[in-house]
Amino acid sequence: MRKLMKWSALLGGSFLAVMLGITVYLGINRGVVIADTGSVTDLTEVSEFESLPGHMLSLQESEQEGTAIRIPVENAIGPENITIENQYLSRRLVINIRGTTGFFYENSRITGYVEPLQNASYTVESEGVTLYLQLSELYEYESILNKGYLQVNLYKPSERYARVVVLDAETSEDLSGREKEALYRIEEKCQAILEAEGIHVYSAESRYDDGGKESTLRLVSQTKAGLYVGIAFDKAEDQEQFGSYVCYSSQYFRPWFTNGDFADRMERELVTAIEGKALGLVEVQDELLQELSIPAVIVCPGYLSHGTEGKLLLQESYQERIAQGICAGILSAYAELE
């Protein structure tokens with residue numbers, strides 16, 4: 001999937017293909033909300049649940065309603081001492097508790113609905129303790145701090161979100177740090193626009209690691225995503241080459257909405273938003289696009305190798321227009337699908 005060079009050969013060039021903040025909410029009732037469905041993307045892929053760091057924690061199933069797990073905390077710990085990261089590609093919840101000691105967790109157990117937990121561990125740092133919860137699959141969560149324990153309610157993405165899109169910033173080693181950051185910014189801008197429209201976004205790639213094809217397929221499957229959109233810059237030996245195009249595979253087919261239809265909508269909306277040159281659609285034999293069972297495309301908004309277009313792609317105002325075009329295509333596709 002990442003080897004995009006063969007795709008743009010038809011166009012005279014070749015491809016070289018968030019951290020979301022965790023919000024802390026404070027409440028005034030018995031339970032204090034710590035975080036709500038936080039998701040971050042700067043993480044590494046875990047294969048077959050690699051060993052967790054630190055000391056292992058015991059898990060004990062207990063009878064209670066719902067899908068909540070209970071993590072003991074010292075009574076003096078307040079919501080301002082706790083941050084949670086949902087490392088969803090690696091299926092981990094990482095909980096940092098500042099101001100507590102490792103001694104407290106030597107004989108502590110995590111109780112409640114622990115069936116989704118594969119393992120749990122903790123490490124002791126200078127400012128507190130970090131807990132690692134390895135989940136069997138991707139979950140969203142809500143967390144509430146009660147006296148003596150942190151309650152984490154787990155939800156499958158489909159239980160939380162009716163519409164889901166997977167975005168994939170197609171970076172490669174051939175791109176400079178500035179060029180990679182430009183792709184990530186476009187993805188982040190797309191996320192902000194789509195989530196304002198009620199569409200939840202997951203990222204298939206982080207700033208630190210590419211999860212790979214299998215990770216992306218698992219992410220699409222476990223989130224029950226409705227659309228997949230890759231975003232990539234191109235470079236060409238011919239430095240006069242410029243314009244945008246969209247890649248797709250004809251493997252996916254619905255009589256009323258094919259991948260070709262999706263690609264056509266994305267191309268029209270993108271070119272309209274950036275007032276650019278349309279190079280058309282490119283059918284490719286990409287393994288990921290062929291295996292996805294949802295509408296899927298990869299959008300190339302332009303060529304970094306072109307003197308003028310390459311500079312535009314690195315400008316934030318132009319990236320905003322690219323994001324608006326991509327999101328307009330996604331919203332148009334959802335309108336058709338629904």
Side-chain angles (χ1 to χ4, degrees), residues 1 4 7 11 15 18 157-158 160-170 182-205 216 219-220 223-234 243-284 286 288-290 292-302 312-313 316-338:
M1 166 185 182
L4 302 174
W7 301 350
L11 299 171
F15 271 122
V18 108
S158 58
R160 305 289 293 177
Y161 311 114
R163 298 188 294 178
V164 172
V165 169
V166 169
L167 297 181
D168 194 352
E170 300 272 356
L183 277 176
Y184 291 130
R185 279 198 300 271
I186 292 172
E187 183 184 271
E188 289 167 358
K189 292 177 184 297
C190 286
Q191 181 173 9
I193 295 171
L194 292 173
E195 297 203 343
E197 295 289 338
I199 299 175
H200 193 69
V201 173
Y202 289 94
S203 176
E205 182 173 334
T216 301
L219 179 64
V220 169
T223 60
K224 298 189 185 302
L227 299 171
Y228 167 91
V229 177
I231 309 169
F233 293 148
D234 202 354
S244 64
Y245 59 92
V246 178
C247 298
Y248 73 99
S249 169
S250 60
Q251 292 291 105
Y252 174 83
F253 178 82
R254 288 185 184 182
W256 69 93
F257 194 72
T258 67
N259 266 345
D261 296 328
F262 185 28
D264 183 60
R265 286 171 185 262
M266 295 297 292
E267 172 75 344
R268 284 189 282 110
E269 295 292 352
L270 175 63
V271 171
T272 300
I274 65 177
E275 299 178 336
K277 176 183 177 182
L279 297 177
L281 311 182
V282 182
E283 184 174 356
V284 297
D286 176 71
L288 177 62
L289 294 184
Q290 288 179 328
L292 286 169
S293 58
I294 59 173
V297 296
I298 297 178
V299 177
C300 175
L312 284 173
L313 292 172
E316 189 164 357
S317 59
Y318 195 70
Q319 294 160 10
E320 183 70 37
R321 293 167 62 186
I322 292 171
Q324 290 172 352
I326 290 173
C327 292
I330 290 173
L331 290 170
S332 174
Y334 260 115
E336 180 69 22
L337 288 171
E338 294 172 350

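In this text the structure is predicted, and so the values were computed from the model without any measurement. Heads up: numbering here begins at 1 and tracks the sequence. Hydrogens, waters and symmetry mates play no part in the numbers below; they use all other heavy atoms, side chains included.
H200 is not listed as a side-chain neighbour of P157, based on a closest heavy-atom distance of 4.5 Å or more. Side-chain contact between Y334 and V165 is present, with at least one heavy-atom pair separated by less than 4.5 Å. In this structure, P301 and L270 have side chains that are in contact, with non-hydrogen atoms separated by less than 4.5 Å. In this structure the side chain of Y161 never reaches within 4.5 angstrom of the side chain of K224, judged on heavy atoms. Residues L337 and L227 have side chains in contact (heavy-atom distance under 4.5 Å, counting atoms from C-beta outward). A 4.5 Å side-chain heavy-atom check between V282 and C247 finds at least one atom pair inside the cut-off. You'll find the side chain of E336 reaches within 4.5 Å of the side chain of R265, heavy atoms only. Contact check for S244 versus V299: no side-chain heavy atoms found under the 4.5 Å cut-off.
Here the straight-line distance linking atom CG of L288 with atom OG1 of T216 works out to 5.5 Å at 0.5 Å rounding. Distance CZ/R321 to CD/Q324: 8.5 Å, rounded to 0.5 Å. Rounding to the nearest 0.5 Å places CE of M266 at 11.5 Å from CG of L281. Atoms CD1 and CD1, on I330 and I199 in that order, are 7.0 Å from each other to the nearest 0.5 Å. From R160, atom CZ reaches atom OG1 of T223 across 15.0 Å, with rounding to the nearest 0.5 Å. To the nearest 0.5 Å, the span separating CD on Q251 from CG on L292 amounts to 11.5 Å.
In terms of heavy atoms, I298 sits closest to A232 at CG2-CB, 4.3 Å. The heavy-atom pair separating L289 from V297 by the smallest distance is CD2-N, 4.2 Å. Counting all heavy atoms, side chain and backbone alike, A296 lies closest to N259 at N-OD1, 2.8 Å. Residues E197 and R163 approach most closely at O-NH2, 2.8 Å, considering heavy atoms. Among all heavy-atom pairs drawn from C190 and L167, the shortest one is CB-CD1, 3.7 Å. Across all their heavy atoms, Q319 and A182 have their closest contact at NE2-CB, 3.5 Å.
If you check the side chains of S332 and E269, you find no donor sitting under 3.5 Å from an acceptor.
Ring geometry for F262 against F257 counts as tilted: the plane angle lies between 30° and 60°, on a 0 to 90° scale.
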Trace of the salt bridge (charged side-chain N to carboxylate O under 4.0 Å, His left out) decision for R268 with D264 = CA-CA 6 Å; R268 284 189 282 110; D264 183 60; 3.1 Å; yes
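Of the possible donor and acceptor atoms, none in the side chain of E205 sits under 3.5 Å from a partner among the backbone N and O of D168.
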